[in-house]
Protein chains: 2
Amino acid sequence: MATETIGQRMTAQRRLLLDIIRSANDHIDADGLYRQAKERDPRISLSTVYRNLSLLKDVGLIAERRLGEGHHHYEINVAPHHHHLVCVECGVVFEFESHFTEKMKAAVEEASQYVITNIEVNMQGHCRDCLEKSSQ
Amino acid sequence: MATETIGQRMTAQRRLLLDIIRSANDHIDADGLYRQAKERDPRISLSTVYRNLSLLKDVGLIAERRLGEGHHHYEINVAPHHHHLVCVECGVVFEFESHFTEKMKAAVEEASQYVITNIEVNMQGHCRDCLEKSSQ
DNA sequence: CCCTTATTGCAAATGCTTCCCAATAACAAT
DNA sequence: ATTGTTATTGGGAAGCATTTGCAATAAGGG
Ligand SMILES: [Mn+2]
Ligand SMILES: [Mn+2]
Ligand SMILES: [Zn+2]
Ligand SMILES: [Zn+2]
């Protein structure tokens, strides 16, 4: 488990949460993180989970995603930015990057006269597995 | 106010809500819709607002948007689809369409083997007005 | 080893949305 | 027009994700 500096105190809870998010290879939500954390530290509280998600997001270590459900999901923030395509049947997420987003940004900045700081592309569809299952 | 067929009963409340959404030229939220509706029908309930938003969305008459706040916004569903750029300072929304989304869809379908049914692009930034205010 | 204060656990509060249920009203069939 | 069926309503309670208040704890600089 990493010992690193974050600009804030590195508590056992914070280290644990960051560790779980790091080793999770999917997009985890607050409740899933809470449940996994409780297995290793039964006294950890849900407030602590939310507070640390907020802090780790502000610090830039993790990214918060809205994947179409009523709650957020989180993942380690890796460069370059990527986007998400979610299967509406099974929830499996396909991640992608696209050079079209840069072109789109330029065109929209030109048209709007805004300074754009963030772009988020969310797609929904049906994954191959679900397509095959429903065609049988 | 329109008399039209929706596949469901056209109640006075439903007609009123649809009418307000139609004449609103911005992205309205449930609470704003409720407040405007109460001015014309003080007995209308918030449940009715939510139920009708859900129904009008299912029927395809309105579109639900997530613009980065903790609640949804709604607008009349006009073709072609468009996307949103929100000023993080004042909330003003710039709407745009882009042919890059079609190209991106094709590329991502190819890479993922998904069948994509929906694309949503959300951008954040600073509008011209806010930029000018902060540079003074 | 202290001292300061960021952080925690717990519980209560919040904001948005959905659900329940008895009363009402749409509208299709008579 | 009158009726019967049942979708829809109002009101309130419940649900879910998230935030907040507060007293107790602990990180980590000096
Ligand atoms: Mn989830
Ligand atoms: Mn709003
Ligand atoms: Zn699937
Ligand atoms: Zn602005």
Side-chain angles (χ1 to χ4, degrees), chain A residues 1-21 27-59 61-75 91, chain B residues 1-21 27-59 61-75 91:
Chain A
M1 211 184 307
T3 19
E4 63 188 286
T5 173
I6 240 183
Q8 305 292 22
R9 294 179 184 176
M10 182 52 66
T11 65
Q13 294 92 329
R14 188 162 291 165
R15 191 172 8 249
L16 171 58
L17 293 170
L18 190 49
D19 192 53
I20 294 172
I21 301 173
H27 302 78
I28 197 170
D29 56 31
D31 188 63
L33 181 56
Y34 177 49
R35 275 204 291 252
Q36 285 197 51
K38 266 199 298 193
E39 287 175 17
R40 291 208 247 162
D41 173 4
R43 285 193 42 84
I44 199 169
S45 96
L46 186 54
S47 302
T48 297
V49 170
Y50 276 109
R51 276 187 295 239
N52 278 292
L53 283 173
S54 173
L55 181 141
L56 294 172
K57 178 181 35 154
D58 289 349
V59 159
L61 273 176
I62 65 175
E64 184 179 67
R65 311 290 183 197
R66 310 179 197 74
L67 300 178
E69 294 184 76
H71 54 266
H72 294 138
H73 290 85
Y74 301 85
E75 65 181 318
Chain B
M1 210 183 309
T3 15
E4 63 188 284
T5 174
I6 240 183
Q8 305 291 22
R9 294 179 183 174
M10 182 51 67
T11 65
Q13 294 92 330
R14 188 162 291 164
R15 194 174 3 253
L16 171 58
L17 293 170
L18 190 49
D19 192 53
I20 294 172
I21 301 173
H27 302 79
I28 197 169
D29 56 30
D31 188 63
L33 181 55
Y34 177 49
R35 275 205 290 254
Q36 285 197 51
K38 266 198 299 194
E39 286 174 18
R40 290 208 248 161
D41 173 4
R43 286 193 39 85
I44 199 168
S45 96
L46 186 55
S47 303
T48 297
V49 170
Y50 275 108
R51 275 187 299 239
N52 278 293
L53 283 174
S54 172
L55 181 140
L56 294 172
K57 176 180 36 152
D58 290 348
V59 159
L61 273 176
I62 65 176
E64 184 180 67
R65 311 289 183 196
R66 309 179 201 75
L67 299 178
E69 293 184 77
H71 54 267
H72 294 138
H73 290 84
Y74 301 85
E75 64 182 317

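For the numbers below, each heavy atom of this structure counts, side chains included, while hydrogens, waters and symmetry mates do not. These figures come from a predicted structure and were not determined experimentally.
Summarising the geometry, the separation between CZ on R43(B) and C1' on dA25(C) is reported as 13 Å, rounded to the nearest angstrom. Separating the CD1 atom of I28(B) from the C1' atom of dC16(C) is a distance of 16 Å, rounded to the nearest angstrom. Atom CG in L53(B) sits about 9 Å away from atom P in dT17(C), given to the nearest Å. Whole-Å rounding puts the I44(A) CD1 to dT7(C) C1' distance at 12 Å. Separating the CZ atom of R15(B) from the P atom of dA25(C) is a distance of 14 Å, rounded to the nearest angstrom. One can place CZ of R9(A) at 10 Å from P of dT8(C), the figure rounded to the nearest angstrom.
Two residues are said to be in side-chain contact when any heavy atoms from C-beta on lie closer than 4.5 Å; R40(B) and D19(B) meet this criterion. Contact of the L56(A) side chain with the I6(A) side chain is registered, since non-hydrogen atoms from C-beta on lie closer than 4.5 Å. Residues E75(A) and I62(A) form no side-chain contact, since every pair of their non-hydrogen atoms from C-beta on lies 4.5 Å or further apart. Using a 4.5 Å heavy-atom threshold, the side chains of H73(A) and I28(A) count as separate. In this structure the side chain of L67(B) reaches within 4.5 angstrom of the side chain of H27(B), judged on heavy atoms.
Here the side chain of H71(B) is nearest to one of dG9(C), dA25(C), dT17(C), namely dT17(C). The side chain of Y50(B) sits closest to dT17(C) out of dT17(C), dG9(C), dC21(C). The side chain of M10(B) sits closest to dC27(C) out of dC19(C), dC27(C), dA6(C).
The footprint of chain A on DNA chain D, defined by a heavy-atom cutoff below 4.0 Å, extends from dA17(D) to dG28(D).
OP1 or OP2 of dG9(C) sits under 4.0 Å from a side-chain N or O of Q13(A). Contact between the side-chain N/O atoms of H72(B) and the OP1/OP2 oxygens of dC16(C) is not found at any separation under 4.0 Å. Checking the phosphate oxygens (OP1, OP2) of dT8(C), a side-chain nitrogen or oxygen of T11(A) falls inside 4.0 Å. Within the structure, every side-chain polar atom (N or O) of S45(A) is placed at least 4.0 Å from both OP1 and OP2 of dT8(C).
Axis deviation across the helix from dC1(C)-dG30(D) to dT30(C)-dA1(D) amounts to 40°, comparing end segments of five pairs, rounded to 10 degrees.
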Applying side chain to side chain contact (heavy atoms under 4.5 Å, CB included) to Q13(A) and D41(A), what does each step give before you reach the verdict? CA-CA 8 Å; Q13(A) 294 92 329; D41(A) 173 4; 3.9 Å; yes
Go through it in stages, so that I can follow the logic: the residues are I21(A) and L53(A), the test is side chain to side chain contact (heavy atoms under 4.5 Å, CB included), and I'd like the CA-CA distance, side-chain angles, deciding distance and then a yes or no. CA-CA 10 Å; I21(A) 301 173; L53(A) 283 173; 4.1 Å; yes
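Using modelled atom types, one side-chain atom of N52(A) and one backbone atom of T48(A) make a donor-acceptor pair closer than 3.5 Å. Using a distance-only test at 3.5 Å, with no hydrogens or angles considered, a donor-acceptor pair links the side chain of R14(A) to the main chain of R9(A).
At the heavy-atom level, D31(B) lies nowhere under 4.0 Å from the strands shown.
Under the 4.0 Å criterion applied to side-chain N and carboxylate O atoms, R35(B) and D31(B) are assigned as salt-bridge partners.
Each of R14(B) and P42(B) was matched to the nucleotide of DNA chain D holding its nearest heavy atom; the match closer to the 5' end belongs to R14(B). Mapping E64(B) and R51(B) onto DNA chain C by nearest heavy atom places E64(B) at the nucleotide closer to the 5' end. Take the nearest nucleotide of DNA chain C for L55(A) and for G70(B): the residue whose nucleotide is more 5' is L55(A).
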